[in-house]
Chemist: 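Just passing along the structure, written as structure tokens.
Since we're looking at a predicted model, the values are computed, not measured.
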Amino acid sequence: MSIIQTQTTSFKAQLYQGIHDLTTDVIKIALYTASADLNEDTTVYSATNEVANTGTYSAGGAQLTPITVSTSGYTAYVGFPNVSWTAALTARCALIYNVTQGNKSIAVLDFGSDKTSTNFTITMPANTATAALIRSSN
């Protein structure tokens with residue numbers, strides 16, 4: 001299995017096709033075990049190797065809201081909110097995906113190793129042109 005942190009290749013192409021509207025579509029994040037196969041080739045959300053439903057975590061993960069799209073100079077960037085589950089969880093990675101557009105993948109987050117917590121929180125990078133999770137410049 002491979003877990004690689006990346007924007008998925010399909011997402012990049014779909015941006016140019018005008019498929020995603022990150023500010024109005026329903027965007028979710030799902031957690032996965034170390035057995036997941038998530039990388040640049042991931043095209044859609046799948047429940048395979050997703051973290052088991054426990055406590056406040058349910059299949060499909062949580063909705064990310066609000067999402068902001070901003071610009072600074074020549075850079076466009078996307079700000080995602082932090083997300084938390086009050087449940088005892090162990091996860092190795094996550095998938096951000098677009099529910100509105102047929103569960104199409106957006107990005108894979110690699111935690112580097114299994115992370116375990118009773119209050120599992122993903123803290124997103126700062127919403128700036130130099131730190132945001134998704135950013136593009138010329």
Side-chain angles (χ1 to χ4, degrees):
M1 300 295 137
S2 72
I3 299 169
I4 299 172
Q5 181 155 318
T6 185
Q7 288 180 58
T8 61
T9 304
S10 58
F11 172 68
K12 293 174 195 176
Q14 291 160 4
L15 281 178
Y16 290 113
Q17 297 165 345
I19 291 173
H20 298 272
D21 184 338
L22 300 179
T23 60
T24 60
D25 291 349
V26 174
I27 309 300
K28 292 184 86 174
I29 186 167
L31 299 175
Y32 290 85
T33 69
S35 298
D37 189 17
L38 298 173
N39 53 55
E40 67 278 356
D41 295 328
T42 302
T43 57
V44 296
Y45 160 81
S46 168
T48 303
N49 294 310
E50 187 174 3
V51 167
N53 298 341
T54 58
T56 59
Y57 188 86
S58 55
Q63 185 172 348
L64 293 171
T65 186
I67 295 173
T68 58
V69 177
S70 305
T71 61
S72 177
Y74 295 110
T75 304
Y77 55 97
V78 180
F80 293 98
N82 297 340
V83 62
S84 296
W85 293 271
T86 53
L89 298 173
T90 298
R92 172 63 169 74
C93 59
L95 177 70
I96 298 174
Y97 66 100
N98 189 330
V99 174
T100 304
Q101 301 302 328
N103 293 331
K104 291 180 179 352
S105 67
I106 294 174
V108 176
L109 304 181
D110 181 357
F111 303 152
S113 62
D114 279 351
K115 303 297 180 190
T116 301
S117 178
T118 56
N119 186 20
F120 200 96
T121 300
I122 298 174
T123 303
M124 295 295 184
N127 185 18
T128 67
T130 57
L133 187 64
I134 295 177
R135 57 189 185 273
S136 177
S137 58
N138 65 344

Chemist: Shared ILVMFWY cluster between V69 and L133, side chains joined below 4.5 angstrom?
Modeler: yes
Chemist: Where is the tightest heavy-atom contact between A129 and T75, given as atom of each residue plus distance?
Modeler: O-CG2, 3.7 Å
Chemist: Got a second to check how far R135's CZ is from T71's OG1, nearest 0.5 Å?
Modeler: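 Taking CZ in R135 and OG1 in T71, the distance rounds to 15.0 Å.
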Chemist: Are any side-chain N or O atoms of D114 and backbone N or O atoms of T90, one a donor and one an acceptor, separated by less than 3.5 Å?
Modeler: no
Chemist: Do M124 and Y32 sit in the same hydrophobic cluster, where Ile, Leu, Val, Met, Phe, Trp and Tyr count as joined when their side-chain heavy atoms come under 4.5 Å apart?
Modeler: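 No, separate clusters.
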Chemist: Under the side-chain contact (heavy atoms from CB on, under 4.5 Å) criterion, do W85 and I122 qualify, and how do the steps go?
Modeler: CA-CA 9 Å; W85 293 271; I122 298 174; 4.1 Å; yes
Chemist: List the atom of N103, the atom of Y97, and the distance in Å for their closest heavy-atom pair.
Modeler: OD1-CE1, 3.4 Å
Chemist: Looking only at heavy atoms, what is the nearest atom pair of Q101 and K104, with distance?
Modeler: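 In terms of heavy atoms, the two residues are closest at O-CG, 2.9 Å.
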Chemist: Are side-chain heavy atoms of K12 and S10 found at a separation under 4.5 Å?
Modeler: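 No. Closest side-chain heavy atoms not under 4.5 Å.
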Chemist: Rounded to the nearest 0.5 Å, what's the gap from CG on L22 to CD1 on I27? Could you check?
Modeler: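 Here the rounded value is 5.0 Å.
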Chemist: Apply side-chain contact (heavy atoms from CB on, under 4.5 Å) to C93 and L109, showing your working.
Modeler: CA-CA 5 Å; C93 59; L109 304 181; 5.9 Å; no
Chemist: Could you tell me if S117 and N119 have a donor-acceptor pair between their side chains, going purely by distance under 3.5 Å?
Modeler: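 The answer is no; no qualifying pair exists.
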Chemist: Test Y77 against every option in S136, S137, S70 by the side chain to side chain contact (heavy atoms under 4.5 Å, CB included) rule and name the one that passes.
Modeler: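 Exactly one candidate clears the test, S70.
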Chemist: Got a donor-acceptor contact below 3.5 angstrom from the T121 side chain to the S84 backbone?
Modeler: no
Chemist: H20 vs F11 aromatic rings, parallel, tilted or perpendicular, using cut-offs 30° and 60°?
Modeler: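 If you compare the ring of H20 with that of F11, the planes turn out perpendicular.
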Chemist: I want to check something: taking the side chain as every heavy atom from C-beta on, are Q5 and V108 in contact at a cut-off of under 4.5 Å?
Modeler: no
Chemist: So do L95 and S105 actually touch side chain to side chain, heavy atoms under 4.5 Å?
Modeler: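 When only atoms from C-beta onward are counted, L95 and S105 do touch, with a gap below 4.5 Å.
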Chemist: Between V99 and L38, is there shared hydrophobic-cluster membership here, with clusters defined by ILVMFWY side-chain heavy atoms closer than 4.5 Å?
Modeler: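 Same cluster.
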Chemist: Say you draw a straight line from CG of L31 to CZ of F120; how long is it, rounded to the nearest 0.5 Å?
Modeler: 5.5 Å
Chemist: Does the pair T54 and L89 meet the rule for a side-chain contact (heavy atoms from CB on, under 4.5 Å), with working shown?
Modeler: CA-CA 8 Å; T54 58; L89 298 173; 3.2 Å; yes
Chemist: Let me confirm one number: the OG1-CD1 distance from T33 to I3, rounded to the nearest 0.5 Å.
Modeler: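 One finds 7.5 Å between OG1 of T33 and CD1 of I3.
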Chemist: Restricting to non-hydrogen atoms, name the atom on F80 and the atom on L64 that form the minimum distance, rounded to 0.1 Å.
Modeler: CD2-CD1, 3.8 Å
Chemist: For Q7 and V78, what are the C-alpha separation, side-chain angles and deciding distance, and is it a side-chain contact (heavy atoms from CB on, under 4.5 Å)?
Modeler: CA-CA 12 Å; Q7 288 180 58; V78 180; over 6 Å; no
Chemist: Would you name the heavy atoms of D110 and G112 that are closest together and state the gap between them?
Modeler: OD1-N, 2.8 Å
Chemist: Side chains of I106 and I134, heavy atoms from C-beta outward: is any pair under 4.5 Å?
Modeler: yes
Chemist: How would you list, by chain and number, every residue that makes a side chain to side chain contact (heavy atoms under 4.5 Å, CB included) with T100, sequence neighbours excluded?
Modeler: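 For T100 the side chain to side chain contact (heavy atoms under 4.5 Å, CB included) partners, ignoring immediate neighbours, are D25, V26, N98.
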Chemist: Could you tell me which non-hydrogen atom of A30 sits nearest to which non-hydrogen atom of Y45, and how far apart they are?
Modeler: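 Scanning both residues, the minimum pair turns out to be CB-CE1, 3.9 Å.
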